[in-house]
Amino acid sequence: MSGPRVRIAPSPTGFMHVGTARTALFNWLFSHQSGGVFILRIEDTDAERNRDEWREGIIAGLHWLGLDFDEGPFLQSDLLPDHVVAAEALFANGYLYPCDCTREEIDERTKGNAKPGYDGHCRDRHVARTDQTALRFRVPDEGTTVVHDVIRGDITFAHDSYEDFIVVRSNGVVLYPLANAVDDRTMKITHIIRGEDLLPTTPKQVMMWEALNHCPEVESVDHPKYAHLPMLVNEQRKKLSKRKDPVAVESYRDQGYLPEAFVNYLALLGWSPRGEEEIVPRSTLIEQFRLEDVSHSPAFFDVKKLTHMNGEYIRALSLEQFIEAATPWVAPWSSEWTPSDRDVPWTREQFDPSLFSHVAHLVQERVATLGEIPAMVSFFFLDDVPFDDVTFEKAIAQDGTAKNVLTLALDAFATVEWSADALHHSTLQLGESLGLALRKSQAPIRCAITGTSVGPPLFESMELLGREVVLERLRGALARAGA
RNA sequence: GGUCCCAUCGUCUAGUGGCCUAGGACAUCACCCUCUCAAGGUGGAGGCACGGGUUCGAAUCCCGUUGGGACUGCCA
């Protein structure tokens, strides 16, 4: 006996939505723990918003997350003939009827009705099928359809709350509810794991699936099991919006989030591993994930927590791994891909890979995303110190003793043994001679050397920079301060 | 409006009738560590929406209320 077959069926939008990523992950985990098959099917039938290249974003996103699919990508547009076969079978067996009502006519007729929606006007009018008629599904007047949901249990929908919905447009295009179900039948999908927003249309699909099973023209297929995942919401508790919320997985990749961290965080949205530890390897995710344990309520996509988790993943990297991971942000010219909209502050000539490998450990524990690295180490590679004006004013220009500190440092550093420890002691001493604590005396020096008040440890940085550069920068800061 | 879903700290969650004086994580506050910034350590504040039941006993089961959300198109 073979394992379950699951799929994700996103429509191409040019990028991968975090909601799609979460759905993909849960499908992927489910299939991987049970020896199943994970399929990618791209629903590209809405011609108005479809471009060939748009599907690349989804594939690239899945690949980045390490959620590669076993079958596909299939394009729904290639499966159109199957949709027509199914629609014709439903029509031939009396499940569908032609309707020539316009939206305006329906609105006019039903505006006073207690129940909104189509009123069944054409049900028994025997309208002739033309290119002006759509095909509607005849929903039973009575009874219910029960959706068996692995996460939520059985959900009962009364038939009288559904109108006779359109299945085939007047131009012949088969609409989503049927097309989607037909494709799932074709691909022998056993578990439909998708967003909760699709729950209300599920009864339509179940009804048509069942109807299809009664059509002699088409093969009967067992109903799949459903699992509707809780929505991912924003701070306003609304479904994540493509326009207003940062939902592009690519943008997280470009900011320097690690795929493993991203996956780990996504897994926590609506589910949690056993025990108190939530940072767990993918193998644990696969092993412990259970569809029936998935939460019922919506989850807020919290970038702060994602970022914290990413920092933990970055710190857990070996130095070699960290340097490798940082390459796209610090030396894009030697990287296979480069994050978009990210300018490296230095040139290829200015960048010194060897120096970077020596400073890497100093920044590894200080960044939460890889994209933060350049700003933190730019003073190592730029010829001119990247001064932060506010810091310069505060630490040097407006500080009465700052120039004395710099002058003394210039003198002391000219001859001191060139090591972080010696520089540390030297700074300590020259500060004491002015009655300053180290935290005070290092400030102007730090600003002179790095241009800012935050960053990697000063004395290690100076050691790596070398005596010449350090003295030059001290002189430069003094000059800039007008001394 | 109708149908459906949902309801534990600000957020993500653990909890499936007694281990709950409700646990963890992020965020937040304080302190410690410290050459800056982080990281790290310690500690604090903070929650079962409300009301009825059922039960010896309810965050856990039932009903109602309230609140939030999704869907309601010849989009997907």
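Just so we're on the same page: letters track the sequence lines, and every chain starts at 1.
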Collect all protein-nucleotide pairs involving nucleotides 6-14 of chain B in which both atoms are nitrogen or oxygen and the distance is under 3.5 Å.
residue	atom	partner	partner atom	Å
B:C6	OP1	A:H296	ND1	3.2
B:U11	O3'	A:R237	NH2	3.3
B:C12	OP1	A:R237	NH2	2.3
B:C12	OP1	A:F300	N	3.1
B:C12	O2'	A:L268	O	2.9
B:U13	OP1	A:G270	N	2.7
B:U13	O2'	A:S272	OG	3.4

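Among the atoms of the strands shown, base atoms are found under 4.0 Å from some heavy atom of A:L458. Across all strands shown, A:G117 has no heavy atoms under 4.0 Å from either base or sugar-phosphate atoms. Nucleic acid contact class of A:E460 (heavy atoms, under 4.0 Å, all strands): base. If you check every strand for non-hydrogen atoms under 4.0 Å, A:P10 touches nothing. Within 4.0 Å of A:K440, counting heavy atoms only, lies no atom of the nucleic acid at all.
The salt bridge (Lys or Arg N to Asp or Glu O under 4.0 Å) test applied to A:R123 returns A:D141, A:D164, not counting sequence neighbours. Scanning for salt bridge (Lys or Arg N to Asp or Glu O under 4.0 Å) contacts around A:D82 gives an empty result, with sequence neighbours left out. For A:F137, the ring-ring contact (aromatic ring centres under 6.0 Å, His included) partners two or more places apart in sequence, or in a different chain, are A:F165. In this structure A:D421 satisfies the salt bridge (Lys or Arg N to Asp or Glu O under 4.0 Å) test with no other residue, sequence neighbours excluded. With sequence neighbours left out, A:K204 forms a salt bridge (Lys or Arg N to Asp or Glu O under 4.0 Å) with no residue at all. Qualifying side chain to side chain donor-acceptor pair (under 3.5 Å) partners for A:R129, counting only residues two or more places apart in sequence or in other chains: A:E88.
For the pair A:E276 CD and B:G15 P, the computed distance is 11 Å after rounding to whole Å. Put simply, CG on A:D119 is 16 Å from C1' on B:U72, counting in whole angstrom units. Note: CG (A:N180) to P (B:A76) measures 10 Å, nearest angstrom. Put simply, CD1 on A:I279 is 16 Å from P on B:G24, counting in whole angstrom units. When rounded to the nearest whole Å, the span between CG of A:D107 and P of B:G1 equals 19 Å. In this structure, A:E163 atom CD and B:C74 atom C1' are separated by 11 Å, rounded to whole Å. Going from atom CG of A:L240 over to atom P of B:A70 covers 11 Å, rounded to whole Å. The separation between A:L423 atom CG and B:U36 atom P is 16 Å, rounded to whole Å.
Taking every side-chain heavy atom of A:F157 into account, B:C4 is the closest of B:U36, B:C4, B:C75. In this structure, the nucleotide among B:G23, B:C74, B:C4 sitting nearest to the side chain of A:L199 is B:C4. In the set B:G24, B:C75, B:A70, B:C75 carries the atom at the smallest distance from any side-chain atom of A:L175. With B:G40, B:C35, B:C74 as the candidates, the nucleotide lying closest to the side chain of A:R136 is B:C74.
A salt bridge links A:E43 with A:R41: at least one charged nitrogen is closer than 4.0 Å to a carboxylate oxygen.
Summarising the base pairing, B:C31 is matched to B:G41 through a Watson-Crick or G-U wobble pair whose two defining distances lie under 3.5 Å. Nucleotide B:C26 forms a Watson-Crick or G-U wobble pair with B:G10, both donor-acceptor distances falling under 3.5 Å. Pairing of B:C4, defined by two Watson-Crick or G-U wobble distances under 3.5 Å, is identified with B:G69. The partner of B:C50 is B:G64, judged by Watson-Crick or G-U wobble contacts that both fall below 3.5 Å. Summarising the base pairing, B:C74 is matched to no nucleotide, lacking a Watson-Crick or G-U wobble pair whose two defining distances lie under 3.5 Å.
Separating the C1' atom of B:G40 from that of B:A58 is a span of 41 Å, rounded to the nearest Å. For the C1' atoms, the distance from B:U13 to B:C6 is 16 Å, rounded to whole Å. Straight-line distance between the C1' atoms of B:U16 and B:C62: roughly 16 Å, to the nearest whole Å. Between the C1' atoms of B:C37 and B:A76, the separation comes to 48 Å (whole Å). As rounded to the nearest Å, B:U21 and B:A59 have C1' atoms that lie 14 Å from one another. Of the C1' atoms belonging to B:A14 and B:U60, the separation is 13 Å, rounded to the nearest Å. If you take atom C1' in B:G73 and the same atom in B:C12, they sit 35 Å apart, rounded to whole Å. Taking atom P in both B:G46 and B:U54, the straight-line distance is 33 Å, to the nearest Å.
In terms of position along RNA chain B, the nucleotide closest to A:Q236 lies nearer the 5' end than the nucleotide closest to the other residue of the pair A:L198 and A:Q236. Mapping A:P457 and A:H308 onto RNA chain B by nearest heavy atom places A:H308 at the nucleotide closer to the 5' end.
For the pair A:R138 and A:Y95, the cation-pi criterion (under 6.0 Å, within 45° of the ring axis) is not fulfilled.
OP1 and OP2 of B:A27 both lie 4.0 Å or more from every side-chain N or O belonging to A:K304. Proximity of A:K239 to the phosphate of B:C71: a side-chain N or O atom is located under 4.0 Å from OP1 or OP2.
Contacts between residues 359-376 of chain A and RNA chain B, defined by a heavy-atom separation under 4.0 Å, are made by A:E365, A:R366. Sorted by residue number, the members of residues 442-450 of chain A with any non-hydrogen atom under 4.0 Å from RNA chain B read A:Q442, A:R446.
Considering only heavy atoms from C-beta on, A:D183 stays 4.5 Å or farther from A:R185 through its side chain. No side-chain heavy atom of A:F69 sits less than 4.5 Å from a side-chain heavy atom of A:R7.
Pairs of residues two or more places apart, or lying in two chains, that qualify as salt bridge (charged side-chain N to carboxylate O under 4.0 Å, His left out) and include a residue from residues 142-158 of chain A are A:R152-A:E196. Residue pairs meeting the salt bridge (charged side-chain N to carboxylate O under 4.0 Å, His left out) criterion with at least one member in residues 288-316 of chain A, sequence neighbours excluded, are A:E278-A:K305. Pairs of residues two or more places apart, or lying in two chains, that qualify as side-chain hydrogen bond (donor to acceptor under 3.5 Å, both in side chains) and include a residue from residues 443-456 of chain A are A:Q442-A:R446.
Closest non-hydrogen pair, A:L430 versus A:A409, comes out as CD2-CA, 3.7 Å. The minimum heavy-atom distance linking A:M207 with A:P140 is given by the pair SD-CD, 4.1 Å.
Scanning atom types as modelled, one donor and one acceptor separated by under 3.5 angstrom connect the side chain of A:S170 and the base of B:C74.
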